[in-house]
Amino acid sequence: MKESIRSFILGLGVDDVGFASVADYRSPNSPAIESLFPGARSMIVMAFRELSACESPSPQLAMNARLDLMEFSRSTCYRVARHVEVQLNSPAMTVPVSYPMDFNTPGKVGVGELSLRHAAVAAGLGAFGLHNLVVHPCFGTRVIFTAVLSKLDLASDQPVEKNICTGCGLCVQACPVGALNDEGKTNFLKCLKNSQPHGMGASIAFWTRFSESPAEEQKAMLRSPEYMSIYQAGFIGYQYFCFRCLSACPVGARTSG
């Protein structure tokens, strides 16, 4: 059954796929899978390689490449879940690559319902690198993951035998805000403030200043590039403007020609 599912998924354009038993999944911060999907027995984890556009000097084009990939991964994940439910007669649940996020529960901000990094490791799709991201054997760090939970009895794929992270430290050095300075950890707030400069923090700061400013200054603020960027982020969605830890990684880098 695993090979049939794998063939179907690769036929959708997914770059790699792995399987993991729920029993083999370990994440220190995310809730138990049983609390999310009672009766879940397996995870189908998909790997999507980033396009080279994410390394563009233009932050707009780099961001657009990530938005394209997130949209593709989201629709593909749904198609796989439908295949599992309709064709394989098993309840299925999709796991988003990123948002939505729980902002109501203390301690959950910045923590996914399911850690796709730990799921990818359990499914044999890579190992953790120095930068706390998963390094895929072929694609290196230039990859995102998504998953489908199911009640199918699927055994875990073999884990990666050798971590191909070279430990060169280029990713740590490339981070402009030092978010990766502590090995095995990511300073979530530092990373978000830099990679999403027009996100929630920027919006709160802008509107706080706006409310305290005189009328003429408010008019100028609403014509400013700062406001236009925050406005754009509001209807496009969360925007990532920094991919330096990905682009600095020598593992899996595409060569010209």
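The backbone N or O of Ser21 sits less than 3.5 Å from a side-chain atom of Ser156, completing a donor-acceptor pair. Side chain of Asn163 to backbone of Phe128: a donor-acceptor contact under 3.5 angstrom is found. The closest donor-acceptor contact from the side chain of Thr76 to the backbone of Ser73 lies at 3.5 Å or more, if one exists at all. Side-chain atoms of Arg117 do not come within 3.5 Å of backbone N or O of Phe145 as any donor-acceptor pair. Remark: side-chain polar atoms of Ser213 are not paired, donor with acceptor, to backbone N or O of Gln218 under 3.5 angstrom. A donor-acceptor distance shorter than 3.5 angstrom exists from the side chain of Ser195 to the backbone of Cys191, with no hydrogens or angles considered. Side chain of Arg142 to main chain of Cys249: a donor-acceptor pair is present (N/O by atom type, distance under 3.5 Å, no hydrogens or angles). Checked by atom type and distance alone, the side chain of Asp182 never pairs as donor or acceptor with a backbone atom of Lys185 at under 3.5 Å. Of the possible polar contacts, none joining the Ser7 side chain to the Glu3 backbone as a donor-acceptor pair under 3.5 Å is found.
For Phe210, the CZ atom sits in a packed shell: over 12 heavy atoms of surrounding residues, nucleotides or ligands are nearer than 6.0 Å.
Among pairs with a residue in residues 31-78, those fulfilling ring-ring contact (aromatic ring centres under 6.0 Å, His included) read Phe48-Phe72, at least two apart in sequence or across chains.
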* Report the C-alpha separation of Glu113 and Val95 in whole Å, then their side-chain angles, then the decisive distance to 0.1 Å, and conclude whether the side-chain contact (heavy atoms from CB on, under 4.5 Å) test is met. => CA-CA 8 Å; Glu113 294 296 279; Val95 180; over 6 Å; no

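Side-chain contact between Pro91 and Glu85 is present, with heavy atoms from C-beta onward closer than 4.5 Å.
For the salt bridge (Lys or Arg N to Asp or Glu O under 4.0 Å) test, residues two or more places apart in sequence or in another chain that qualify with Arg209 are Glu226. Here Arg82 pairs with nothing under the salt bridge (Lys or Arg N to Asp or Glu O under 4.0 Å) rule; sequence neighbours left out. Asp157 is linked by a salt bridge (Lys or Arg N to Asp or Glu O under 4.0 Å) to Lys2, Arg6, counting only residues two or more places apart in sequence or in another chain. Remark: Glu216 engages Lys219 in a salt bridge (Lys or Arg N to Asp or Glu O under 4.0 Å) (not counting sequence neighbours).
Between Asp15 and Arg49 there is no salt bridge, since no side-chain nitrogen of the basic residue lies less than 4.0 Å from a carboxylate oxygen of the acidic one.
Summarising the hydrophobic clusters (Ile, Leu, Val, Met, Phe, Trp, Tyr; side-chain heavy atoms under 4.5 Å, direct or chained), the residues clustered with Leu170 are none.
A distance below 6.0 Å separates the ring centres of His198 and Phe241.
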